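Report on the following structure.
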Amino acid sequence: MEAVEMALEKGDVFKASFRVNAHNRLEAYCKVDGLPTDVLISGIPAQNRAVEGDIVAITMDSFSSWTKMKGSNRTCNNYATPEDCSLLREADDVAGNIYKGKGELDKDKDTNYDSADCRNCPSQNQEDTEVYPNPNKSCHFPEKKYAYEDSGSLGPVSHLDPVRPANESFDGQNNAAFESLNMSSCSKQIEVISAVQKMCSLVNAFPSKRPTARVVAIIEKSPRRERIVGQLNVKQWISVKGVSRKDAKKNKNLVSDNEYIQLTPIDPKFPKMMLFVRDLPEHIKKRLQSGDVTTEMDLIAAQLYDWGEESLFPRAHILHVFGKGSKVQTHLDAILFQNTICESEFSPEAMTCLPCFPWEVPEKELQSRLDLRNLCIFTIDPSTATDLDDALSIEKLPNGNCRVGVHIADVSYFVLPGTVLDDEAQFRSTTVYMLQKKIPMLPALFSDNIGSLNPGVDRVAVSMLLDINPAGDVVNRWIGRSVIQSCCKLSYELAQDIIDGAVDFESSNIIGESYPKVHGQFGWPDIITSVKSLCEISNVLKHKRFNDGALRLENPKVAFLFDEYGLPYDLILSERKESNFLVEEFMLLANTTAAEVICRVYPDNALLRRHPEPNMRKLGEFVAFCQKHGLKLDTSSSGQFHRSLDLIKEKLKDDSVLFDILISYATRPMQLACYFCSGQLKERKHEWGHYALAVPFYTHFTSPLRRYPDIVVHRTLLAALEAEELYLKHRKALLVNKEEELQRCFTGIIFDKNAAESVEGREALSAAASKHGVPSTEVLADVATYCNERKLASRNVKDACDKLYMWHFLKKEILLSEARVLGLGPRFMSIYIQKLAIEQRIYYDEVEGLSVEWLEATSSVVLSMSAHRRAFRRGSHNKWRAFEEVAFVVDPYDLKVASDGSDGCENRDPNSRTEIDPAVFPLTVHLLSTIPVVLHAVGGDDGPLEIGVRLYMSSYYG
């Protein structure tokens, strides 16, 4: 990799993460740190055998090769200023200089470059490591020209937001290109920054042009290469094999050494792969020999281990067979495999780190901790929650302020740094939720019992007592270790009933078994009063937070209703209520408070969470769309953005679907929040902030039972508390008046920087950090990166499970719904289906019996039934799709009979249960039109799971 590293240092090539467009695998996008837009890598030769998730080195194409930005109607030559003209003349020089770096690399294209292997996949055994080349080894790929079939042009598209490349923007979890180069001199760094600045100027000067590039090296191979899930193309293999019956009689072994079979990944971002039949597991070979075509119904786990320079397809080998693709459990297993989720039991060594159950708070802890068992403390969680890691309390103070208690399970008391249990928790990093079950980060014995703030039992906690005035300001605070006892476990639904007045003092006397038990000295009147008081304060905090510039983009969520077998029988759109926001406000306040303390006390060793500003180009496109439709949007700050959306919501109060669409599109420019180590960005504190929350620093503190970063933050916060105690003890020893009360200098409202920087302060902070296991800057940076990866994997699991259960629901019966048209072109339309809160596409080009007329002037399309039947497509047979794949046609008479109920059938068409009427041909569709559609399940045994969408049409002709 020496040539690549030198080119990176000089700024001749750029380091980037490789992301593939899920709708068109020939398009990939790379994010270069410092550039305002992603770089297009178009075509297989330019992609140079890189796959989704690889870290690559790219060289920019000359400016004249850059493409027009999708959705852009601007041309660079119109209204060009003299500066623009000058830039245009220099453009090819700037891009061309960077392009020259490729020539230097090609000189060494025959050299083998090695680098340190990445972390091995847990499922890879020793045999795999020895037989197959390690797919994580870095390599340099010289460019190779191939002849590939044309993917076809997408044609012009009218869209709210141009057809968006999948994963075009990412959240910064990967190290920035320039942070990881380990440059040997300042001059080299200046060269790189200068190259980026020149390219950035060029991109900004010509916003309608998309930069293009080619991959010249793969720096780090994606772990996803080891976790491919797909299905074998058995029928094609049998067809290609072409063994005659006569030959078959002579040779009973139909499998030769040189034959291969194709594997088609269920993720469209990955290419088809070759598997040598001779290397297949014996049970699969036997099924192939017997001609068992059902083999292709199985979901297969595979590893991509090689993509030779002369090969059109990468090679893979089978790791595991999950089972039939039509089974829910098969897909659940595959989802966990794809995302490297550890589902195994905790090791006996890890379990020995836990105390015996049942567990009681030791006398020593009762003496050393603040005893808060006299407070009315309770939890508010989902009704099915078992890992209760946060609780609330409230007291009215004589001066009119309120003292709100936020009590978090003291997980770090049990999970000590460097233990086997700590290693397991860090490896898992987060609890993974799969709708019907969870895979815990910590053993259930601990997360659901010993560590959980269950009602009626004493528990250890880390508490924040926050004195809040009527204006919502925190005027005083105490942070420390405590002993608490929750008196009740409230669900969000019951808390909402209390807020709404459905549970009052009178009805509290007759609360039945459906309500949770109240423990200890408190009764329902105490809980009801506390919930209502907390609600009032949370509303003040929320109002203050949004006045200070916070932004909320709340997307509709689908909730599933499950039967006794764990399968979905219905789905509804859920919305968060005031009880959810009540808890959220106090958790946000506690997280922000923890962040403030740890980043001031340990400025180089704080694990924080940042949310970068949105992608400005995409944000500008969204603003332009709103303006086009008469909606004023100010995005100059997160606060103005939020206020603008509030005004738009009021304006669209009679069109809630359109507002949901706007919110969905408003989220697209947003980048993902990510963990980081403060010491890594010490010189760039302006990047620490959280855009959506509008706070200068933020972290995660309130969920240590299910998030490893919270445990790290607890340790750092507890180190700050102990350092403060040590320092104050030293100061008190020097006082003449021993009774004088010293103010908290590290964790209070006012931070004493002089104390922290004094010799005694530094010694106290160092000793406390060592005792509580506060990681070094370098270690903490690695922890942050890994936790980002695991958090994203956990989110991918949840999204995949949502899609799986939605697919299973639609497999049982089709669903009729109205849809709004978001994007429109001559080949397909993008639609938003509010009932499922999803976006889908309907492709209508090259369909038997359907004619398409694209009206460029009005950006609309006319779909008509046609008697003309085609049999060819670009010289290929049977490429035209069936009419039934695009439209679900019903007879109006059958609809009338069904609605009258005169057919006497119990199994009537699903449309009989809805008031949605079918459309008629010819159908004219405009942007934002409302059209009827039919949703159904696609795939399973015969391909990837998809939510199929068809037009819902009447056979009556308009």
Side-chain angles (χ1 to χ4, degrees), residues 357-361 372-395 404-411 431 433 437-438 440-464 482-500 502-505 507-535 538 574 576-587 590 702-707 710:
F357 183 78
W359 175 82
E360 293 183 358
V361 179
L372 298 177
R373 289 176 292 179
N374 63 321
L375 296 182
C376 180
I377 298 175
F378 49 86
T379 59
I380 305 176
D381 288 280
S383 57
T384 56
T386 55
D387 47 353
L388 314 179
D389 44 18
D390 59 86
L392 295 170
S393 65
I394 184 169
E395 302 171 85
V404 174
V406 180
H407 314 279
I408 308 300
D410 191 355
V411 176
T431 294
Y433 294 92
K437 74 168 186 176
K438 68 178 181 181
M441 179 186 77
L442 291 164
L445 173 66
F446 178 75
S447 60
D448 295 356
N449 291 290
I450 297 171
S452 179
L453 305 183
N454 295 334
V457 291
D458 293 347
R459 289 291 180 256
V460 291
V462 177
S463 295
M464 289 185 179
S482 63
V483 178
I484 68 168
Q485 184 178 124
S486 169
C487 67
C488 189
K489 176 192 173 185
L490 299 178
S491 67
Y492 281 118
E493 293 78 11
L494 180 53
Q496 189 61 45
D497 287 342
I498 294 173
I499 293 168
D500 294 338
V503 179
D504 54 29
F505 289 102
S507 65
S508 64
N509 298 321
I510 56 172
I511 288 177
E513 294 180 358
S514 60
Y515 286 85
K517 181 181 178 181
V518 178
H519 299 263
Q521 59 183 310
F522 302 101
W524 278 105
D526 302 301
I527 294 172
I528 292 170
T529 301
S530 294
V531 169
K532 289 185 175 180
S533 298
L534 285 168
C535 184
S538 71
S574 66
R576 296 204 299 162
K577 297 185 177 180
E578 204 167 356
S579 58
N580 299 90
F581 296 128
L582 180 159
V583 176
E584 180 184 70
E585 285 304 318
F586 294 115
M587 298 305 112
T702 55
S703 297
L705 288 174
R706 53 192 174 89
R707 288 190 308 229
D710 299 54

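Nothing fancy with the numbering, it's 1 onward along the sequence. Just so we're clear, the structure is a prediction, and the values are computed from it rather than from any experiment.
- Under a 3.5 Å cut-off, the side chain of S486 and the backbone N or O of N454 do not form any donor-acceptor pair.
- Contact between L705 and D387 at its shortest, heavy atoms only, is CD1-C, 4.1 Å.
- Between T702 and R707 there is a side-chain heavy-atom pair separated by less than 4.5 Å.
- Judged purely by atom type and a 3.5 angstrom limit, R459 uses its side chain to pair as donor or acceptor with the backbone of I450.
- Although no hydrogens or angles enter the test, the distance criterion places a donor-acceptor pair under 3.5 Å between the side chain of S491 and the main chain of L494.
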For a side-chain contact (heavy atoms from CB on, under 4.5 Å) check, start with the C-alpha distance between W359 and N449, then their side-chain angles and the critical distance, and finish with the verdict.
CA-CA 9 Å; W359 175 82; N449 291 290; over 6 Å; no

Working note: E360 + D458, criterion side-chain contact (heavy atoms from CB on, under 4.5 Å); need CA distance, chi angles, decisive distance, verdict.
CA-CA 7 Å; E360 293 183 358; D458 293 347; over 6 Å; no

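- Looking only at distances, no side-chain donor or acceptor of T379 sits under 3.5 Å from a matching main-chain atom of A391.
- Each of D390, V462, D410, D710 was checked for a side chain to side chain contact (heavy atoms under 4.5 Å, CB included) with P704, and the lone residue meeting it is D710.
- In terms of heavy atoms, A461 sits closest to H407 at CB-CB, 4.5 Å.
- Interatomic distance, I394 CD1 to S538 OG, rounded to the nearest 0.5 Å: 9.5 Å.
- A distance of 11.5 Å separates CD1 in I408 from CG in L388, rounded to the nearest 0.5 Å.
- In this structure, R576 and Y492 have side chains that are not in contact, with every pair of non-hydrogen atoms separated by 4.5 Å or more.
- Here W524 contributes atom CH2 and C488 contributes atom SG; the two are 4.0 Å apart, rounded to the nearest 0.5 Å.
- No side-chain donor-acceptor contact under 3.5 Å links S393 to the backbone of I377.
- One distance of note links CZ of F378 with CG of L453; it measures 13.0 Å at 0.5 Å rounding.
- For the residue pair T386/D448, the side-chain donor-acceptor check at 3.5 Å is satisfied.
- Q496 and D500 are linked by a side-chain donor-acceptor pair at a separation below 3.5 angstrom, with hydrogens and angles left out of the test.
- Across R373 and Q521, no two heavy atoms sit closer than the pair O-NE2, 3.9 Å.
- With rounding to the nearest 0.5 angstrom, the OG atom of S579 is 11.0 Å from the CG atom of D381.
- Scanning all heavy atoms of the two residues, the minimum distance from F586 to L392 falls at CB-CD2, 3.9 Å.
- Across every non-hydrogen atom of I499 and E578, the tightest pair is CG2-OE1, 3.6 Å.
- For the pair K577 (side chain) and A495 (backbone), a donor-acceptor distance under 3.5 Å is absent.
- For the pair S383/E493, a side-chain contact is recorded, criterion being any heavy-atom separation below 4.5 Å from C-beta on.
- Pairing each heavy atom of N374 with each of F522, the nearest pair is O-CZ, 3.2 Å.
- Considering CE of M464 and OG of S482, their distance stands at 11.5 Å, rounded to 0.5 Å.
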